[in-house]
Amino acid sequence: MTSKLNPKQQQAVKNISSPLLVLAGAGSGKTSVITQKIAYLVENCQMPAHKIMAVTFTNKAAREMKERVNNIIPRKSTRGLTISTFHNLGLNIIRREHRHLGLKPGFSIFDSQDSLALIKDLMQRESGDENAIIDSIQHTISNWKNDLLSPQQALSYATDDSELLAARVYAAYNRLLRAYNAVDFDDLILLPTNLFLEQKEILDKWQNKVHYLLVDEYQDTNHSQYLLIKLLVGVKASFTVVGDDDQSIYAWRGANPENLTQLKTDFPKLEVVMLEQNYRSSGRILKAANQLISNNPHLFDKTLWCDRGFGDPIRIVRQKNEDKEADFVVHDLMTHKLQKGLAWNDFAILYRGNFQSRIIELKLQALSVPYKVSGGTAFFSRSEIKDIMAYLRLLINRDDDNAFLRIVNTPRREIGISTLEKLGEYASGRQISLFAATQELGIESILPKRNLEKVREFSQWITDISQLCRERSPTAVIKQMIQEIDYPGWLSDQSNSPSAAEKRLENVWQLVKSIDKMLLDTDDLSSGEDPLENVISRLILRDIMEQQEEEDDSNRVQLMTLHASKGLEFPHVYLIGMEEELLPHRASIEEGNIEEERRLTYVGITRAQQTLTLSLSASRKQYGQTIEATPSRFLDELPKEDLDWHGMGIERSQEEKKSTAKAHLSGMRDLLR
DNA sequence: CACGTATATTTATAT
DNA sequence: AATATACGTG
């Protein structure tokens, strides 16, 4: 079974006696090692699958891993096997232990948008408001949570006024979250970790559930995630973590690649296996990647090698502007596809920021090329999706004031601002949620009769619907609900054109379809919890939806950010926008964090199996203004002999043009002398 | 409440 | 530059 693996990989799979760190270079088969190891544990070591846990960072990675495990061993022997993301794992722990955390069942999960809205709300009471400050406060709070600092600790460690303000907001924010019976994304890790630290019996219980732990992309763990792992494995220390410091690209959200070296200190018996043979890319691509990354300092010294052919030169194409750049990429892609009889999904177009997809999408649409944009938050940020999600959130957690406010008057129920203000005043005075307030007798004296009726009507309706959900098929009830509020009618009122309304309604049905499918899938796992709650919370974590999309025709050109591309591979890769200020991104240049941008470029390059095309533009429109763009410094760090330049010249900025002209001139003078 | 005009905001990266 | 939001008027 493990015969397809090379000796190093086999060593990584078969070593189960000591804690293990696998340093896996790009394309060295790290997912194979994890999946084969799961199979090995089940089949050779007779370890029950429900005692094995594998943790990844993205839903996509978790899904792929499940699929690959099911391909090597029969489905029935993987029963109970846990393969999930960190956040999903945290969510499951919180769901099981919610009583110990002061949460009621059906608690809400606030995504970053919800959190930001909450902080904004708080700040308006505290002091003046500026958007940049609010953003930085949200970021600061998130960092504190990742470092497991309580509001009290943050307050005592605060050194300047802005930190002091952030710490005060942090305290209020946390209190409000609890009042809403809600947790944020960071809480999904922080709450279980703190719980394990504080309550020995609960930790014991969970440690018994995990006989072996595997962690993917270990270099991406932050402090709280590392601690969670450490707590889960306990003194048994039966674990394998797989990572690559060269692919650490999440420092900005607290990832700490030092956790790789920390492991040696915390687990003296740690064994280290290095995987250096690359099975993915051509020799040329690998050589370029190696040379680029050699400009970075390393925690560990790895040298990737491969025994594949050397392959085509790496093309670098520079166009006059971003429009021409997009034209080139799309046309070039089409030409290759047709000439070589390739499939659309043999191609990927990668970029630094989501906004860069737009122009490419336009060109692809013009030529009716099927494509798929992954990542981005487009779907969930659509107002119709947010509306329906708010309804669902309110159904499972009536104390979710954010959801309440979003939908109480959407569609119109003649519940206006003044009514809500009075209701809000009443609710906050009594420390209860808005929904709870609607059912109190006390509001009868403060609301005019007509308004009171409307509020009561809404409140009763929500109660009835959530009751119905328990009795009948939730999907049918959701459909009924959408009809009862005449959401289709509301959409056509709100939209500019009938076709736009239709499209938005279509999005709503897609959401319902996903929920339906998910409820069916969840049923046979029968976790004993409310399946609707389960599905809604997973939806908020952006799980589910993508799954649906994957299933329909996936033969499409893949568009995604460099971050989203990690862990994937494609025969032919286009990496666009290879310019200073874009890659490396301006913010990183200003922070002096070029190394992470270099790793990001490294990740992009190492996605390519056969051909790699780097493209750039000489000018770019920014906020309506056209500005000159300088080729990325990373292009200079690639082996010149393996590059093939096309398009416009490779002059640098104007200054450099001048300086080369000067050099030329002085050279001429020297000759004349 | 619909419509027009003024003003703000957009371009990190993700669970 | 283009799009979203806010505000005011009829």
Side-chain angles (χ1 to χ4, degrees), chain A residues 55-63 84-91 109-116 130-132 135 138-139 142 145-146 183-190 216-217 220-222 224-225 228 247-255 321-323 350-359 362 374-383 409 412 414 416 493-494 496 537-546 560-567 576-577 579 581-591 593 596-601 603-604 620-627 629:
Chain A
V55 187
T56 66
F57 277 84
T58 63
N59 293 314
K60 203 189 258 172
R63 227 176 299 132
S84 78
T85 62
F86 264 102
H87 288 85
N88 239 320
L89 170 65
L91 173 63
I109 305 165
F110 278 25
D111 67 15
S112 347
Q113 260 184 26
D114 300 324
S115 295
L116 195 69
E130 263 173 82
N131 263 330
D135 278 358
Q138 184 187 29
H139 196 237
S142 174
K145 287 197 171 190
N146 288 336
V183 299
D184 66 17
F185 277 177
D186 299 316
D187 285 338
L188 292 176
I189 312 297
L190 169 132
D216 189 21
E217 306 282 13
D220 290 340
T221 50
N222 61 33
S224 58
Q225 286 160 338
L228 185 61
Q247 293 186 68
S248 160
I249 54 175
Y250 285 104
W252 52 272
R253 62 171 209 205
N321 56 44
E322 63 213 312
D323 199 65
L350 310 179
Y351 37 79
R352 176 69 235 258
N354 281 310
F355 74 97
Q356 289 172 273
S357 75
R358 240 185 96 156
I359 188 158
L362 249 110
S374 34
T377 47
F379 188 84
F380 281 89
S381 61
R382 292 181 195 183
S383 66
N409 206 27
R412 296 276 119 89
E414 296 176 70
D493 287 350
Q494 291 297 301
N496 299 320
S537 25
R538 287 180 52 194
L539 261 177
I540 294 164
L541 290 181
R542 307 285 142 90
D543 199 354
I544 305 182
M545 286 313 291
E546 300 149 31
M560 67 188 83
T561 63
L562 289 165
H563 283 89
S565 76
K566 186 152 67 105
I576 66 173
E579 295 146 37
E581 313 241 298
L582 242 184
L583 185 62
H585 192 274
R586 187 193 311 156
S588 298
I589 297 174
E590 280 161 12
E591 286 165 33
N593 192 6
E596 182 146 316
E597 299 287 311
R598 190 177 282 114
R599 288 193 289 267
L600 198 50
T601 310
V603 166
R620 199 165 281 277
K621 271 199 188 121
Q622 203 171 47
Y623 303 118
Q625 261 133 5
T626 305
I627 52 158

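Side-chain atoms are counted along with the backbone in the values below, which use heavy atoms only and exclude waters and symmetry mates. First the proteins, then the strands, lettered A, B, ... as listed; each starts at 1.
- Protein atom CG of A:D111 is 14 Å distant from nucleotide atom P of B:dA14, rounded to whole Å.
- Here the OG1 atom belonging to A:T58 is positioned 11.5 Å from the CG atom belonging to A:N88, to the nearest 0.5 angstrom.
- What separates CD of A:Q225 from C1' of B:dA14 is a distance of 12 Å, to the nearest Å.
- Using a distance-only test at 3.5 Å, with no hydrogens or angles considered, a donor-acceptor pair links the side chain of A:R599 to the main chain of A:S248.
- When heavy atoms are screened at a 4.0 angstrom cut-off, A:E581 is found touching no nucleic acid atom at all.
- In this structure a side-chain-to-backbone donor-acceptor pair under 3.5 Å is present from A:H563 to A:I249.
- Between A:L562 and A:L583, the closest side-chain pair of non-hydrogen atoms falls below 4.5 Å.
- Distance from the side chain of A:Y250 is smallest to B:dA14 among B:dA14, B:dT11, B:dT15.
- A:I627 has its CD1 atom 15 Å from the P atom of B:dT11, to the nearest Å.
- For B:dA14, the OP1/OP2 oxygens have no side-chain nitrogen or oxygen of A:N59 closer than 4.0 Å.
- C:dT5 and B:dT11 have their P atoms separated by 12 Å, with the value rounded to a whole Å.
- Between the CD atom of A:Q138 and the P atom of B:dA14 there is a distance of 15 Å, given to the nearest Å.
- Here the straight-line distance linking atom OG of A:S565 with atom CG of A:L600 works out to 7.5 Å at 0.5 Å rounding.
- Residue order along DNA chain B, read from the 5' end via each residue's closest nucleotide, puts A:H585 first among A:N88 and A:H585.
- Rounded to a whole Å, the OH atom of A:Y623 is 7 Å from the P atom of B:dT11.
- At B:dT13, none of the side-chain N or O atoms of A:H563 fall inside 4.0 Å of OP1 or OP2 (strictly under the cut-off).
- OP1 or OP2 of B:dT13 has at least one side-chain nitrogen or oxygen of A:N354 nearer than 4.0 Å.
- Side-chain proximity of A:R352 to the nucleotides B:dA14, B:dT11, B:dT13 is greatest for B:dT13.
- Put simply, A:T561 has a side-chain N or O that comes within less than 4.0 Å of OP1 or OP2 on B:dA14.
- Atom CZ in A:R358 sits about 10 Å away from atom P in C:dA2, given to the nearest Å.
- Searching all strands for a Watson-Crick or G-U wobble partner of C:dA1 with both distances below 3.5 Å returns B:dT10.
- Remark: P of B:dT11 and CD of A:E322 are 14 Å apart, rounded to the nearest angstrom.
- Judged by ring centres under 5.5 Å apart and planes tilted less than 30 degrees, A:W252 stacks against the six-membered base ring of B:dT13.
- When heavy atoms are screened at a 4.0 angstrom cut-off, A:F57 is found touching the sugar-phosphate backbone but no base atom.
- At the heavy-atom level, A:T58 lies under 4.0 Å from the strands shown only through sugar-phosphate atoms.
- Here the nucleotide nearest the side chain of A:T85, chosen from B:dT15, B:dA14, B:dA12, is B:dT15.
- Look at A:F355 and the base of B:dT11; the rings stack, centres closer than 5.5 Å and planes less than 30° apart.
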